Undergrad: 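Next up is a structure, given as structure tokens.
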Amino acid sequence: MHKHIRTLFAASFLCSVASALTLSACDAPNDGATPESQPTLLTPAQLGLGDGWTEQEQGLWSRIGADGVEEFVGVGAPGKLHGLASLYAAEEQLAIAAEVEGADKEKTQAQLAELRALIVDIENTEIVNPTDEQSFRCQAQLTHNASAGPGSCNAVQANASVTYNNYCNTVQESIYTYTSATCGVVTTTHSCGWKTGTNVSCSSYSTLSSATDSCNSYAYATSNYYSTWKDNTVKGYCEPEVTCGPCPGNYDCHCGEWEGCIPRNQLCR
């Protein structure tokens, strides 16, 4: 049910922002900018994020990662709104968890304040389009990672990082990372940033495990022009407990559906 609420919340947020930003011809910006004159949004492949991405809406791209979990990229000003929607959904989930009996309300309120500060910062930060200042001999390097998925047995994990190295000119990047992991009423978070400069890096990591409660993890990373994020609800696989052994020579534990010491030359069903 929470996932359904979060989906509706994100959709309503995007619709309200889109309505607020809709301009008539009379409301055009003073500089005379029109949709045709706005810069074309780059694709994830052009940003160095690999292939396999599908454009869902303007500025929003997704693909299924190697772990089977969908990952997202928000590009330019339209993509920023989608990234904010994912942060609003994470904030809503954290607020719901804070009201559950047994939750550490003081800790959760601090985590909510941390996430709220990040959201406000991103809302107030202007998108900076990539610069063309590069040469064949020198090119700035920007790498993004936002990964959320299963961890060890019954665990979830999230990892986010941004690294920017520019020895070519004075163009700067402003970067931020955020991760969270929740199992039941317990949540752990980590954030890094804002950091601004020609050579900056940020990384965040969160993990939790529970044998009985449902878990989820979330990772978000952002820089001047685009953001990446991922949300996961799958816990790590647990190896079956060995219930037999030690076995004598030429015998092994487990064989297909059987358990116990079984001759090695016996066919498993």
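Not measured: the values here are computed from a predicted model.
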Undergrad: Give, for atom CG of Asn224 and atom CD of Glu126, the distance between the pair rounded to the nearest 0.5 Å.
TA: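 The CD atom of Glu126 is 11.0 Å from CG of Asn224, to the nearest 0.5 Å.
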Undergrad: Looking at Val128 and Tyr225, what are the two nearest heavy atoms and their distance?
TA: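 Looks like O-CB, 3.4 Å.
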Undergrad: Using modelled atom types and a 3.5 Å cut-off, is there a donor and acceptor pairing between side-chain atoms of Asn165 and backbone atoms of Ala140?
TA: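 Not at all, since once roles are kept as given, no pair shorter than 3.5 Å links the two residues.
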Undergrad: Identify which one of Thr54, Leu41, Thr43 satisfies the side chain to side chain contact (heavy atoms under 4.5 Å, CB included) criterion when paired with Trp61.
TA: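 Between Trp61 and the candidates, side chain to side chain contact (heavy atoms under 4.5 Å, CB included) is satisfied uniquely by Thr43.
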Undergrad: May I have the step-by-step check of side-chain hydrogen bond (donor to acceptor under 3.5 Å, both in side chains) for Thr177 and Ser204, ending in yes or no?
TA: CA-CA 6 Å; Thr177 59; Ser204 297; 2.8 Å; yes
Undergrad: Does any donor atom in the side chain of Thr189 or Ser180 lie under 3.5 Å from an acceptor atom in the other side chain?
TA: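 No, Ser180 and Thr189 have no side-chain donor paired with an acceptor closer than 3.5 Å.
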Undergrad: Answer yes if Tyr88 and Tyr218 sit in the same cluster of Ile, Leu, Val, Met, Phe, Trp and Tyr residues linked by side chain heavy atoms under 4.5 Å apart, and no otherwise.
TA: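 The answer is yes; both residues are in one hydrophobic cluster.
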Undergrad: Are side-chain heavy atoms of Tyr167 and Gln141 found at a separation under 4.5 Å?
TA: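 Side-chain contact under 4.5 Å: no.
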Undergrad: Is the backbone N or O of Ser210 less than 3.5 Å from a side-chain atom of Lys235, with the two atoms forming a donor-acceptor pair by type?
TA: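 Yes.
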Undergrad: What's the spacing between Ser217 OG and Asn232 CG if we round to 0.5 Å?
TA: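 Reported to 0.5 Å precision, the distance equals 4.0 Å.
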Undergrad: Go through Tyr176 and Ser191 one step at a time and tell me if the side-chain contact (heavy atoms from CB on, under 4.5 Å) criterion holds.
TA: CA-CA 7 Å; Tyr176 206 114; Ser191 63; 3.7 Å; yes
Undergrad: Is Pro78 close to Leu60 at the side-chain level, that is, under 4.5 Å between some pair of heavy atoms?
TA: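 No, too far: nothing below the 4.5 Å cut-off.
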Undergrad: For Ser206 and Ala181, which heavy atoms make the closest approach, and how far apart are they?
TA: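 That would be CB-N, 3.9 Å.
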Undergrad: Looking at side-chain heavy atoms only, is the closest gap between Ile122 and Trp194 below 4.5 Å?
TA: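 Touching, per the 4.5 Å side-chain cut-off.
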Undergrad: So which heavy atom on Glu71 is nearest to which on Lys230, and how close?
TA: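 Looks like OE1-NZ, 3.6 Å.
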Undergrad: Heavy atoms only: give me the nearest Ser227-Gly83 pair and the separation to one decimal.
TA: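 Closest approach of Ser227 to Gly83, heavy atoms only: OG-CA, 4.3 Å.
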Undergrad: Check whether Tyr226 and Val162 end up in the same hydrophobic cluster, where Ile, Leu, Val, Met, Phe, Trp and Tyr are linked by side-chain heavy atoms less than 4.5 Å apart.
TA: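 Both belong to a single hydrophobic cluster.
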Undergrad: Roughly how far, to the nearest 0.5 Å, is NZ of Lys80 from OG1 of Thr222?
TA: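 It is 8.5 Å, given to the nearest 0.5 Å.
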Undergrad: Evaluate Thr196 against Gln172 for side-chain hydrogen bond (donor to acceptor under 3.5 Å, both in side chains), listing each step before the verdict.
TA: CA-CA 6 Å; Thr196 300; Gln172 297 183 332; 5.8 Å; no
Undergrad: Would you indicate whether the side-chain heavy atoms of Leu142 and Ser223 approach each other to under 4.5 Å?
TA: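 Ser223 vs Leu142: side chains touch.
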Undergrad: Taking the six-membered ring for Trp, are Trp229 and Phe72 parallel (under 30°), tilted (30 to 60°) or perpendicular (over 60°)?
TA: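 Answer is parallel, since the angle falls under 30°.
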Undergrad: More than 12 heavy atoms of other residues, nucleotides or ligands under 6.0 Å from CD of Glu55: yes or no?
TA: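 Yes, enclosed.
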Undergrad: Check the surroundings of atom CG in Asp51: do more than 12 heavy atoms from other residues, nucleotides or ligands lie under 6.0 Å from it?
TA: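 Counting neighbours around CG of Asp51, 12 or fewer heavy atoms of other residues, nucleotides or ligands fall under 6.0 Å, so no.
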Undergrad: Would a 4.5 Å heavy-atom cut-off, applied to side chains only, mark Leu42 and Pro130 as touching?
TA: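 Yes, side chains in contact.
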Undergrad: Which heavy atom in His190 sits nearest to a heavy atom in Ser203, and how many Å separate them?
TA: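 So the two residues come closest at CE1-O, 3.5 Å.
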Undergrad: Run the side-chain contact (heavy atoms from CB on, under 4.5 Å) check on Tyr220 and Leu115 step by step: do they pass?
TA: CA-CA 11 Å; Tyr220 176 89; Leu115 183 51; over 6 Å; no
Undergrad: Is it possible for you to say whether Leu208 and Val234 belong to one hydrophobic cluster, with membership spreading through side-chain heavy-atom contacts below 4.5 Å?
TA: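 Hydrophobic grouping puts Leu208 apart from Val234.
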Undergrad: Counting C-beta onward and ignoring hydrogens, is there a side-chain heavy-atom pair between Tyr205 and Gln157 closer than 4.5 Å?
TA: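 Heavy-atom side-chain distance check passes, below 4.5 Å.
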Undergrad: Quick check against the 3.5 Å criterion: does Thr207 have a side-chain atom that pairs as donor or acceptor with the backbone of Val156?
TA: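 Yes.
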Undergrad: State plainly whether one hydrophobic cluster holds both Val171 and Ile127, where clusters connect Ile, Leu, Val, Met, Phe, Trp and Tyr through side-chain heavy atoms under 4.5 angstrom apart.
TA: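 In one cluster with Val171: Ile127, yes.
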Undergrad: So does Gln46 have more than 12 non-hydrogen atoms from other groups sitting under 6.0 Å from CD?
TA: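 Yes, because the 6.0 Å sphere around CD of Gln46 holds more than 12 heavy atoms from other groups.
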Undergrad: To the nearest 0.5 Å, what is the distance between CG (Leu47) and OG1 (Thr228)?
TA: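 Leu47 atom CG to Thr228 atom OG1 measures 10.5 Å (nearest 0.5 Å).
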Undergrad: Drop me the distance from Thr143's OG1 to Leu49's CG, to the nearest 0.5 angstrom.
TA: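 Going from the OG1 atom of Thr143 to the CG atom of Leu49 covers 10.0 Å.
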Undergrad: With distance as the sole criterion, is a donor-acceptor pair present between the side chains of Ser209 and Asn154 under 3.5 Å?
TA: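 Their side chains do not contain a donor-acceptor pair, so the 3.5 Å distance test is not met.
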Undergrad: Distance from Lys107 atom NZ to Leu112 atom CG, nearest 0.5 Å?
TA: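 Reported value, rounded in 0.5 Å steps: 12.5 Å.
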Undergrad: Any chance the side chains of Gln111 and Thr187 put a donor and an acceptor closer than 3.5 Å?
TA: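 Their side chains do not contain a donor-acceptor pair, so the 3.5 Å distance test is not met.
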Undergrad: Do Leu94 and Ile119 share a hydrophobic cluster, counting only Ile, Leu, Val, Met, Phe, Trp and Tyr and linking them when any side-chain heavy atoms are less than 4.5 Å apart?
TA: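 No; Ile119 is not reachable from Leu94 via cluster members.
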Undergrad: Does any part of the side chain of Glu99, heavy atoms only, come nearer than 4.5 Å to the side chain of Lys105, both counted from C-beta?
TA: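 The answer is yes, as the side chains (C-beta and beyond) meet within the 4.5 Å cut-off.
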Undergrad: Are the side chains of Gln93 and Asn216 in contact, using a 4.5 Å heavy-atom criterion?
TA: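 Yes - at least one pair of side-chain heavy atoms lies under 4.5 Å apart.
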Undergrad: Kindly give the heavy-atom pair with the smallest separation between Ala98 and Thr108, and that separation in Å.
TA: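 Shortest heavy-atom separation between Ala98 and Thr108 comes out as CB-CG2, 3.2 Å.
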